[in-house]
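Read through the structure below, which is laid out as structure tokens, and then see the notes.
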Amino acid sequence: MQLRIPGPTPVPPHILQALSQQMINHRGPGFADIIWRVTQRLKQVFQTQGDVYILTASGTGGMEAAIVNTLSPGDKVLSVSIGFFGDRFADIAQQYGAEVERLEFEWGQAADPEMVRRALKAHPQVKAVLLTHNETSTGVTNDLGTLCSVVGEFDKLLLVDAISSLSSIDLPVDKWGCDVVVTSSQKGWMVPPGLAMVSVSPRAWQAYATAKMPRYYWDFAKARSFLEKGQTPWTPVLSVFFALDIALELLLQEGLPNVFARHARIADMVRSGIKSLGLRLFADERHASNTVTAVANPDGLDNKQFLKVLREQYDVVLSGGQQRLEGKIFRIGHLGWVEDKDVAEVIGGIKSALDKLGFKTGVSAR
Ligand SMILES: *Cc1c(COP(=O)(O)O)cnc(C)c1O
């Protein structure tokens, strides 16, 4: 089966085996060895000298942690959203009482750094900026390096959702000055859902010292003091820890530049495969993501029917569109454990399913 949704992603057999390991004492020396090793390796992938904490949560828990540990109710926040997950980040901040200024871009487009600069000039009271590195709902990767340098001109706290990019697309956290960066295990990390990983810069710790949003489970200071003992404050999802330990070994063995290059190459193959079928990419191609490709549905295609035929008859599982993009696009995840042969199978499956439904594929089909 080709599970090609933008998370959960397939898990290599070697890592699957780690998941069947017997439970251990999460307050014992065996777990301390694992969490210290995993944290050190995560720092290499985050490219940071700062702190990295591992929370038992899906990605959204990590986003919530980023907000409640650095902000107070009433703080002004600039949310830069290019899609569904950008909106979610803003919603979380709003729910906890932040005053959210929303800068929104058309879905399918990247954020324009000049507009961000203007918004920051217009709203000098802004304390933090919320950015999405890779917008999974639209298949767009923001030019995060440039956006970070714009935010840097104003010396604001920078909170980044890199859930579907970190470990697959280059994100040098320290170099770009990101204060809290969030990712989660079921995306590019080749492990099951269950862990959110967050980096915390010295400046984020300064913000923590005065931040008054309510927090308990997500409290970074608790995570810090328990990590010193080789533990987490609450019982961690041990099995996913075992898996992440092996996955990080594989990632670092392949080498980060090679991992990024593989994702770029595969994404390129996916995009040209889609175009060769006469289909249209949804995202602005200058900012097309290397981890997820959104494809505009051809006119008259019943999206649900198409995904069903693809799944039942060709063993390829893809995602539809979210919220306002429901029925308008379908999405192919190509992150984590993905190789050239997978692309051929997915594109072949799409072609067969479209043929079956009477849609002419090929350059003439638009
Ligand atoms: C997957 C994802 C999330 C979080 O989703 P969870 O279901 O909570 O793991 C948030 N942002 C982006 C960009 C994502 O891709």
Side-chain angles (χ1 to χ4, degrees), residues 3-11 46 53-68 79-95 104-105 107-111 129-144 147 158-171 173 178 180-199 217-218 236-237 240 243-244 263 267 282-283 287-294 317-325 329-336 338:
L3 176 68
R4 294 299 161 192
I5 62 176
T9 62
V11 178
F46 276 73
Y53 299 110
I54 308 167
L55 316 172
T56 289
S58 81
T60 306
M63 294 163 82
E64 188 162 315
I67 286 169
V68 300
S79 143
V80 179
S81 176
I82 61 168
F84 179 74
F85 290 106
D87 288 355
R88 179 181 297 181
F89 215 179
D91 291 345
I92 297 169
Q94 194 170 327
Q95 192 69 30
E104 295 175 353
F105 294 88
W107 289 22
Q109 302 296 313
V129 179
L130 312 181
L131 289 177
T132 313
H133 186 198
N134 186 77
E135 180 49 76
T136 316
S137 67
T138 60
V140 171
T141 306
N142 270 324
D143 180 359
L144 188 64
L147 292 169
L158 192 43
L159 312 182
V160 179
D161 171 354
I163 291 175
S164 62
S165 55
L166 227 157
S167 81
S168 312
I169 300 173
D170 193 23
L171 199 188
V173 166
C178 304
V180 181
V181 178
V182 183
T183 181
S184 75
S185 56
Q186 82 277 20
K187 303 287 170 98
W189 301 86
M190 306 184 289
V191 298
L195 290 175
M197 294 83 91
V198 297
S199 65
Y217 188 86
W218 303 129
V237 61
V240 184
L244 184 59
H263 281 83
F282 174 73
H287 302 283
S289 166
N290 284 344
T291 59
V292 53
T293 294
V317 179
L318 304 182
S319 292
Q322 289 160 294
Q323 211 202 48
R324 70 179 84 154
L325 291 177
I329 61 166
F330 64 89
R331 292 173 302 146
I332 308 165
H334 35 86
L335 66 171
V338 58

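Here, residue 1 is the first one in the sequence, and each next residue gets the next number. First listed ligand is number 1; within each ligand, the first listed atom is number 1. The figures that follow rest on heavy atoms only: side chains count, while hydrogens, waters and symmetry mates do not.
Other residues, nucleotides and ligands contribute more than 12 heavy atoms inside 6.0 Å of the CD atom of E104.
Under the 3.5 Å distance criterion, with hydrogens and angles disregarded, a donor-acceptor pair is assigned to the side chains of N134 and S289. No donor-acceptor contact under 3.5 angstrom links the side chains of H263 and T291, judged on distance only. The closest side-chain donor-acceptor pair between R331 and T293, if any, does not fall under 3.5 angstrom. Side-chain contact annotation: S137 with W107, donor-acceptor N/O pair under 3.5 Å absent.
Across all non-hydrogen atoms, the minimal contact from F89 to L159 is CE1-O, 3.7 Å.
Taking a heavy-atom cut-off of under 4.0 Å, ligand 1 is surrounded by S58, G59, T60, M63, F85, R88, N134, T136, D161, I163, S164, S184, Q186, K187.
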